[in-house]
Amino acid sequence: MKFKSIKGTKDILPFEVGAWQLVERTIHDVMRTFNYKEIRTPAFEETSLFARSIGELTDIVSKEMYTFKDRSDDSLTLRPEGTASVLRAYIQHALGEQSPLTKVYYIGPMFRQERPQAGRLRQFHQFGAEAIGSPSPQLDVEMMLMALEVYTNLGIESSTLKINSVGCQKCRPAYKELLIRELRKVYEKLSPESQARVLQNPLRVLDSKDENDQKLTHNAPLIKDHLCSDCTEHFAEARALLDATNTRYQVDGRLVRGLDYYTKTAFEIASSALGSQDALAGGGRYDLLVEELGGKPTPGVGFAAGMERLLMVLAKRELSTDLEVQPVLFIAALNEQSRRWAFVKACELRSKGISVEVDCLGRSLKAQMREANRQHARFVVVIGENELASGSTNLKNMQTGQESPVKLDSLDSVFRA
RNA sequence: GUGUCCAUAGUUCAGUCGGUUAGAACGCCAGGUUGUGGCCCUGGAGGUCGUGGGUUCGAGUCCCACUGGACACCCCA
């Protein structure tokens, strides 16, 4: 085979696109009820936008970005996530000047050059939302509820919400030092990965998957116990709101997100129905990011969720079929004259909003019936010399096999309903 | 980037110890029924055995490299 899709990319084929559309509809519906407007940003940006927002030292920026030079020698990057672009657009178009709180959501492809795995592709799709302009924990909780709402509306129950607070500029530095001091004591025994993280991003040592690391850090201090009063209060209110909305969650003091820009609330929704890559969604507050990108100091919070992973959970259940387009009527024709009549009639009915199919391969009646059956057409009419002469035919119900007479020129009224 | 396993019709897979012309099921096409689908019966089309090298009288089968895939690590959605 000469051409193949690029490693880590996938075609979404006709038979599976119905599930995607169902999920997309659900997302649009949920976002509408929370009053979020859709925003569509370009799939690529200046490289430095991502380096600045996500963080130079993160895995995403240091080794996973699709970065290339265009013909003007500018360094561009296929977006690895959505928040940076949304904030760029927010600042560029001064959306904050038009209203104090901006609530937007997005759906689209993201790109990261990683080794493909279950639930991980190089081009994958995320939906997510951002609320820019308010420091209120209500919006932190709104993010969690929106993601959860999408899942429950799709009948997914196997998800769990974990939350943590990663502090802010006031409390994190002191905690970091404390943590590093503790980690130094067991440094020699830590896994190589964790050793490397002690200085680069010590918080991430705590959520290492390595069992030995977990044991060694069992008694390590957690940031949620070392928050400043502002962050403590914020975290408490977020939890109170989750309780008040009857949302089930666990506080996970070791939860750390991989992007540098988070402050205060961080959360993750995972599914037990997935394999090793079990995070369905993740998000958190980023009160310093807008300023970091050149805007006015503006608090914000957001989340991102993986579409493929969501689809994987859905696929494990018996998904109601019939998500594909199916013609309502198949017009089978027997000779040249009736084939032309069928084609013209089909076009006429289609313009009235009725979905109709005809055979364009010159196939036998039997083959046309087989095709109508395969397409799950609800009705079939057969047109030949006799029918054109008499002006009437039989309308066959493909489910029951029953036929009933119908006038050719009243076909459209039969399907008006 | 690292590791393990894998790669044979459109799909899911057989293929013995290295030995003649690489098979099955499903799907597709046609016929059985001169104008009626599904079920059944019959027939047909469809393969560079991932690619390239090597060993051998002989390779789908053994060896090496590459490419791709699955899973895990790292990390993330």
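Numbers restart at 1 for each chain; the letters A, B, ... are given by sequence-line order, proteins then strands.
Considering every non-hydrogen atom in both A:Arg88 and A:Pro42, the closest pair reads NH1-CD, 4.1 Å.
Among the atoms of the strands shown, base atoms are found under 4.0 Å from some heavy atom of A:Leu365. Using a 4.0 Å heavy-atom distance criterion, A:Gly128 is classed as making no nucleic acid contact. Residue contacts for A:Ala372: at a heavy-atom cut-off of 4.0 Å it reaches no nucleic acid atom on any strand shown. Among the protein residues, A:Leu259 comes within range of the sugar-phosphate backbone only, with heavy atoms under 4.0 Å from sugar or phosphate atoms but none that close to a base.
Between A:Gln113 atom CD and B:U2 atom P the separation is 13 Å, expressed in whole Å. In this entry the distance linking CZ of A:Arg122 with P of B:U67 reads 11 Å, nearest Å. Summarising the geometry, the separation between CG on A:Asn373 and P on B:G37 is reported as 10 Å, rounded to the nearest angstrom. A:Lys162 places its NZ atom 13 Å from the P atom of B:A77, with the value rounded to the nearest Å. The CG-P distance, from A:Asp210 to B:C74, rounds to 8 Å in whole Å. Rounded to an integer number of Å, the gap from A:Met369 CE to B:G38 P is 9 Å. If you measure from atom CZ of A:Phe330 to atom C1' of B:U36, you get 12 Å, rounded to the nearest angstrom. Residue A:Phe3 contributes atom CZ, which lies 18 Å from atom P of B:U67 at whole-angstrom precision.
One finds a side-chain N or O of A:Lys10 lying less than 4.0 angstrom from the OP1 or OP2 phosphate oxygen of B:A70. When the side-chain nitrogen and oxygen atoms of A:Ser364 are compared with OP1 and OP2 of B:G35, none of them lie within a distance under 4.0 Å. For B:A77, one of the phosphate oxygens OP1 or OP2 lies less than 4.0 angstrom from a side-chain nitrogen or oxygen of A:Arg257. The side chain of A:Arg370 places an N or O atom within less than 4.0 Å of a non-bridging phosphate oxygen (OP1 or OP2) of B:A30. Using a 4.0 Å cut-off, no side-chain N or O of A:Arg374 falls inside it from OP1 or OP2 of B:G27. Using a 4.0 Å cut-off, no side-chain N or O of A:Lys366 falls inside it from OP1 or OP2 of B:G35. Remark: A:Lys396 is not in phosphate contact with B:U36, judged by side-chain N or O atoms under 4.0 Å from OP1 or OP2. Between B:A72 and A:Gln117, a contact under 4.0 Å exists linking OP1 or OP2 to a side-chain N or O.
The pairing partner recorded for B:C17 is none, the criterion being a Watson-Crick or G-U wobble arrangement whose two distances lie under 3.5 angstrom. Across all strands shown, B:G10 is found opposite B:C26 as a Watson-Crick or G-U wobble partner, with both distances under 3.5 Å. B:U48 is unpaired under the criterion used here, namely a Watson-Crick or G-U wobble arrangement in which both key atom distances are under 3.5 Å. Across all strands shown, the partner of B:A72 is B:U2, judged by Watson-Crick or G-U wobble contacts whose two distances both fall under 3.5 Å. Base-pair partner of B:G58: not found among the strands shown (Watson-Crick or G-U wobble, both distances under 3.5 Å).
Side-chain atoms of A:Asn386 lie closest to B:G35 of the nucleotides B:G35, B:C73, B:U36. In this structure, of B:G68, B:G35, B:C73, it is B:C73 that holds the atom nearest to the side chain of A:Arg115. Relative to the side chain of A:Lys7, the nucleotides B:G69, B:A30, B:G37 differ in distance, and B:G69 lies closest. For A:Arg120, taking side-chain heavy atoms from C-beta onward, the closest of the listed nucleotides B:G35, B:A77, B:A30 is B:A77. Which of B:U36, B:A77, B:C74 sits closest to the side chain of A:Glu114 comes down to B:A77. Comparing B:G68, B:A30, B:G1 by their nearest atom to the side chain of A:Lys4 picks out B:G68.
Rounded to the nearest Å, the gap between the C1' atom of B:C66 and that of B:U16 is 30 Å. Taking the C1' atoms as reference points, B:A7 lies 15 Å from B:U48, given to the whole Å. The separation of B:A59 from B:G15, taken at their C1' atoms, amounts to 14 Å, rounded to a whole angstrom. As rounded to the nearest Å, B:C71 and B:G46 have C1' atoms that lie 32 Å from one another. Nucleotides B:U8 and B:G50 have their C1' atoms positioned 10 Å apart, rounded to a whole Å. Across the P atoms, B:C49 and B:G44 are found 23 Å apart, a figure rounded to whole Å. Taking atom P on both B:A25 and B:A72, the two are 35 Å apart, rounded to the nearest angstrom. Comparing the same atom, C1', in B:C26 and in B:U33 gives a spacing of 25 Å after rounding to whole Å.
Side-chain contact between A:Phe111 and A:Arg122: absent, with no pair of heavy atoms (C-beta onward) separated by less than 4.5 Å. Side-chain atoms of A:Arg204 and A:Asp59, non-hydrogen and from C-beta on, do get closer than 4.5 Å to each other.
Cation-pi geometry between A:Arg239 and A:Phe235 is met: the NZ or CZ atom falls under 6.0 Å from the ring centre, inside 45° of the normal.
Residues A:Gly306 and A:Glu193 each lie close to RNA chain B; by heavy-atom proximity, the contact nearer the 5' end of the strand is made by A:Glu193. Take the nearest nucleotide of RNA chain B for A:Gly384 and for A:His125: the residue whose nucleotide is more 5' is A:Gly384.
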Begin from the C-alpha positions of A:Ser134 and A:Ser136 and carry the test side chain to side chain donor-acceptor pair (under 3.5 Å) through to its verdict. CA-CA 5 Å; A:Ser134 167; A:Ser136 168; 4.6 Å; no
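A side-chain contact (heavy atoms from CB on, under 4.5 Å) with A:Leu242 is found for one member of A:Thr247, A:Asp140, A:Val251 and no other, namely A:Thr247.
A side-chain donor from one of A:Thr217 and A:Arg254 sits under 3.5 Å from a side-chain acceptor of the other. A donor-acceptor contact closer than 3.5 angstrom links the side chains of A:Ser194 and A:Asp213.
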